[in-house]
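Below, each value reflects all heavy atoms present in this structure, side chains not excepted, and no hydrogens, waters or symmetry copies. None of these values were measured; they are calculated from a predicted model.
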Amino acid sequence: MNQQWWHSAVVYQVYPRSFCDSSGDGNGDLKGIISKLDYLEKLGIDLIWLSPVYLSPMKDNGYDIADYQAIDPRFGNMNDMRQLIHQAKQRNIGIMMDLVLNHTSDQHHWFKQAKQSRDNPYRDYYIWRDQTNQIRSIFSGPAWQYDPVTSQYYFHLFADAQPDLNWENPAVAKEIHQMISWWVEQGVAGFRLDVIDLIGKQIDQGITENGPRLHPLLQQMHQACFKGKKLVTVGETWGATPEIAKLYSDPRREELSMVFQFEHAALDWHPEHGKWQVQDFDLVALKKVLSKWQTAFDGDGWNALFWNNHDLPRIVSRWGNDGEYREASAKLFATLLHGMQGTPYIYQGEEIAMTNVQFAELSDYDDIEIKNSYQEKVVEQQSLSHQQFMQGVYQSARDNARTPMQWDNSDNAGFSCG
């Protein structure tokens with residue numbers, strides 16, 4: 001494989017809402033990130049993966065985008081975004097934008113138009129049916145929502161406020177390509193593509209991930225947006241095997257630079273209840289998975305390496321010891337991560353061994369996945385008790401990674417003066 005600049009890069013993920021609040025309103029923002037660029041430069045990173053800062057109703061903490069080319073006022077404005085790109089570049093740090101291309105917010109103007117009538121020009125930007133099938137939402141419940149205005153159901157693999165885009169419609173791909181190219185013009189260094197393995201879905205056949213149209217769509221995107229540019233692209237692919245990962249990341253196929261695969265991240269998930277039922281950690285199983293992925297590629301693919309991100313709990317609490325041996329555990333995980341072949345991704349706070357959190361009440365948690373899963377498993381099915389579910393939350397829920405970054409030992413850990 002020809003050497004690329006990102007083969008030796010280190011990526012640092014910033015979850016903007018909880019990184020640094022410059023205004024005192026309790027929300028992290030772009031100016032807060034700018035104020036910490038010297039710290040990130042000293043840390044030695046090459047790229048900031050920036051979780052979504054686009055205009056959003058925040059039903060899924062920004063992963064429900066209402067406008068791909070506008071900054072949400074919680075985070076600042078487009079001038080702040082351009083300043084971040086410019087100031088980071090002066091420190092030899094690139095910005096990797098987080099793009100959600102499987103779905104939009106139901107507040108996106110495309111969907112608002114699509115709901116008006118069955119013959120609206122934007123109707124076919126989304127997936128509508130008269131009859132539903134048995135596909136379930138990843139956030140629990142049916143993946144269909146009835147729209148009384150047009151008497152049809154629309155498809156949503158996540159929350160009902162996140163309708164799936166119809167990638168069978170060439171107009172959708174054209175709009176997305178134009179938007180990506182616009183961000184390239186702003187000077188970004190690359191893109192993280194959220195649940196990108198879902199865009200080739202064939203729902204009438206019951207196929208949601210790794211559909212037959214997936215790789216042609218990615219090759220089309222590469223030709224339109226990435227080819228000939230020094231951009232890094234990483235796809236979030238929960239169902240990838242090494243064989244599938246090679247299809248994405250073999251440079252001869254011209255799709256993506258690399259993918260996130262999650263085989264190691266699900267090792268302690270329960271076969272029926274997933275992350276909500278705590279399972280024992282199996283060290284031998286972890287070693288086998290890491291070895292498999294390290295030896296699977298021989299110039300025809302590339303690994304993304306990670307323990308933590310905004311969707312995963314803190315590794316030092318999950319599989320390490322976050323009490324007496326917190327520091328030693330964190331250094332062990334870091335040594336392993338940075339010693340393997342691949343591009344390492346570290347998540348804000350990982351470098352100071354931040355830990356999971358235990359809130360007293362379920363209502364203290366913000367994540368829609370927690371709320372929906374509790375309703376399904378505890379209230380409706382009664383397949384888990386409240387206490388069993390809460391143990392799963394303490395161990396594996398996404399909000400464990402979303403508490404404010406701890407900058408110092410002052411009030412609010414230096415995150416906010418508010």
Side-chain angles (χ1 to χ4, degrees), residues 16-17 50-75 78 81 97-118 120-129 135 137-139 141-147 149-150 152-183 188 191-201 203 208-209 211 213-214 217-218 220-221 224-225 235-236 238 310-311 367-369 372:
R17 194 170 185 176
L50 189 66
S51 281
V53 290
Y54 316 99
L55 187 68
S56 169
M58 298 291 167
K59 295 291 179 66
D60 187 21
N61 283 294
Y63 286 85
D64 49 323
I65 298 173
D67 188 337
Y68 289 99
Q69 291 171 251
I71 301 299
D72 195 282
R74 293 174 180 85
F75 302 123
M78 192 56 72
M81 187 69 228
M97 299 298 288
D98 201 333
L99 281 178
V100 187
L101 304 181
N102 176 70
H103 50 268
T104 69
S105 164
D106 61 358
Q107 299 304 303
H108 196 290
H109 78 90
W110 296 344
F111 192 69
K112 287 182 174 180
Q113 288 286 323
K115 286 181 70 176
Q116 290 185 6
S117 68
R118 292 194 182 199
N120 188 281
Y122 288 96
R123 183 72 171 184
D124 202 34
Y125 276 45
Y126 297 88
I127 300 167
W128 301 86
R129 295 289 185 272
I135 298 177
S137 164
I138 293 166
F139 285 171
W144 297 95
Q145 182 70 23
Y146 185 68
D147 173 42
V149 176
T150 56
Q152 276 192 316
Y153 296 86
Y154 67 84
F155 186 76
H156 60 92
L157 269 174
F158 294 89
D160 57 13
Q162 295 169 288
D164 278 38
L165 286 165
N166 177 21
W167 278 84
E168 295 297 299
N169 180 358
V172 169
K174 184 178 179 181
E175 293 256 25
I176 294 292
H177 295 166
Q178 289 174 347
M179 176 270 294
I180 292 174
S181 297
W182 182 84
W183 275 110
V188 302
F191 301 93
R192 181 261 189 187
L193 305 177
D194 184 71
V195 292
I196 197 64
D197 54 342
L198 305 181
I199 68 168
K201 66 180 74 68
I203 59 168
T208 55
E209 63 181 19
R213 291 263 294 133
L214 173 61
L217 286 170
L218 288 175
Q220 183 188 45
M221 187 184 299
C225 307
E236 182 190 28
W238 279 84
H310 66 291
D311 281 334
D367 183 17
I368 192 170
E369 183 186 36
N372 286 4

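For residues 60-69, the salt bridge (Lys or Arg N to Asp or Glu O under 4.0 Å) pairs, not counting sequence neighbours, are Asp60-Arg398. For residues 153-173, the salt bridge (Lys or Arg N to Asp or Glu O under 4.0 Å) pairs, not counting sequence neighbours, are Asp164-Lys201, Glu168-Arg213. Screening residues 171-181 for salt bridge (Lys or Arg N to Asp or Glu O under 4.0 Å) gives no qualifying pairs among residues at least two apart or on separate chains.
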Item to check | Step-by-step side chain to side chain contact (heavy atoms under 4.5 Å, CB included) determination, Leu99 to Met179 | outcome: CA-CA 10 Å; Leu99 281 178; Met179 176 270 294; 3.7 Å; yes
Next on the checklist: Assess the residue pair Val149 and Lys115 against the criterion (side chain to side chain contact (heavy atoms under 4.5 Å, CB included)); give the C-alpha distance rounded to whole Å, side-chain angles, the decisive distance to 0.1 Å, and a yes or no.
Outcome noted: CA-CA 7 Å; Val149 176; Lys115 286 181 70 176; 5.7 Å; no
Next on the checklist: Applying side chain to side chain contact (heavy atoms under 4.5 Å, CB included) to Arg129 and Ile127, what does each step give before you reach the verdict?
Outcome noted: CA-CA 7 Å; Arg129 295 289 185 272; Ile127 300 167; 3.9 Å; yes
Next on the checklist: Asp197 vs Leu214, test: side chain to side chain contact (heavy atoms under 4.5 Å, CB included). Steps then yes/no.
Outcome noted: CA-CA 7 Å; Asp197 54 342; Leu214 173 61; 4.3 Å; yes
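Met221 and His177 get closest at one heavy-atom pair: CA-NE2, 3.5 Å. The nearest pair of heavy atoms linking His156 to Gln162 is CB-O, 3.5 Å. Heavy atoms only, all atoms of each residue included: Leu217 and Gly200 are closest at CD1-CA, 4.4 Å. Scanning all heavy atoms of the two residues, the minimum distance from Pro57 to Ser105 falls at CG-OG, 3.3 Å. When all heavy atoms are compared, the tightest approach of Trp183 to Ile71 is CH2-CD1, 4.3 Å. Nearest approach of Gln220 to Ala173, heavy atoms of both residues: OE1-CB, 4.0 Å.
The CD1 atom of Ile180 sits 5.5 Å away from the CG atom of Leu101 when rounded to the nearest 0.5 Å. Taking CG from Asp72 and CD1 from Ile65, the interatomic distance works out to 11.0 Å, rounded to the nearest 0.5 Å. Atoms CD and CG, from Glu369 and Asp311 in turn, are 7.5 Å apart once rounded to the nearest 0.5 Å. Once rounded to the nearest 0.5 Å, the distance linking CZ of Arg17 with CE of Met58 reads 6.0 Å.
A donor-acceptor contact shorter than 3.5 Å links the side chain of Ser137 to the backbone of Leu157. Although no hydrogens or angles enter the test, the distance criterion places a donor-acceptor pair under 3.5 Å between the side chain of Glu236 and the main chain of Val195.
When the side-chain hydrogen bond (donor to acceptor under 3.5 Å, both in side chains) test is applied to Gln116, no partner is found at least two apart in sequence or on another chain. Partners of Asp124 under the side-chain contact (heavy atoms from CB on, under 4.5 Å) rule, at least two apart in sequence or in another chain, are Asn166, Asn169. Taking the ring-ring contact (aromatic ring centres under 6.0 Å, His included) definition, one finds that Trp238 meets it with Phe262, Trp269, sequence neighbours left out. Looking at residues two or more places apart in sequence or on another chain, you find a side-chain contact (heavy atoms from CB on, under 4.5 Å) between Ser181 and Cys225. Every residue two or more places apart in sequence or in another chain that forms a side-chain hydrogen bond (donor to acceptor under 3.5 Å, both in side chains) with Gln152 is listed here: Arg123, Asp130. For Phe139, the ring-ring contact (aromatic ring centres under 6.0 Å, His included) partners two or more places apart in sequence, or in a different chain, are Phe158. Qualifying ring-ring contact (aromatic ring centres under 6.0 Å, His included) partners for Tyr68, counting only residues two or more places apart in sequence or in other chains: His108. Checked against ring-ring contact (aromatic ring centres under 6.0 Å, His included), His109 has the following partners two or more places apart in sequence or in another chain: Tyr122. Under the side-chain hydrogen bond (donor to acceptor under 3.5 Å, both in side chains) criterion, Tyr126 pairs with Thr104, not counting sequence neighbours.
Counting only heavy atoms from C-beta outward, the side chains of Met97 and Met81 approach each other to under 4.5 Å. Counting only heavy atoms from C-beta outward, the side chains of Thr150 and Trp128 approach each other to under 4.5 Å. Considering only heavy atoms from C-beta on, Asn102 stays 4.5 Å or farther from Asp194 through its side chain. Residues Ile199 and Ile176 form no side-chain contact, since every pair of their non-hydrogen atoms from C-beta on lies 4.5 Å or further apart. Residues Asp98 and Leu50 form no side-chain contact, since every pair of their non-hydrogen atoms from C-beta on lies 4.5 Å or further apart.
For Trp144 and Phe155, the gap between ring centers is short of 6.0 Å.
One side chain, Tyr63 or Ser51, offers a donor N or O that lies under 3.5 Å from an acceptor on the other.
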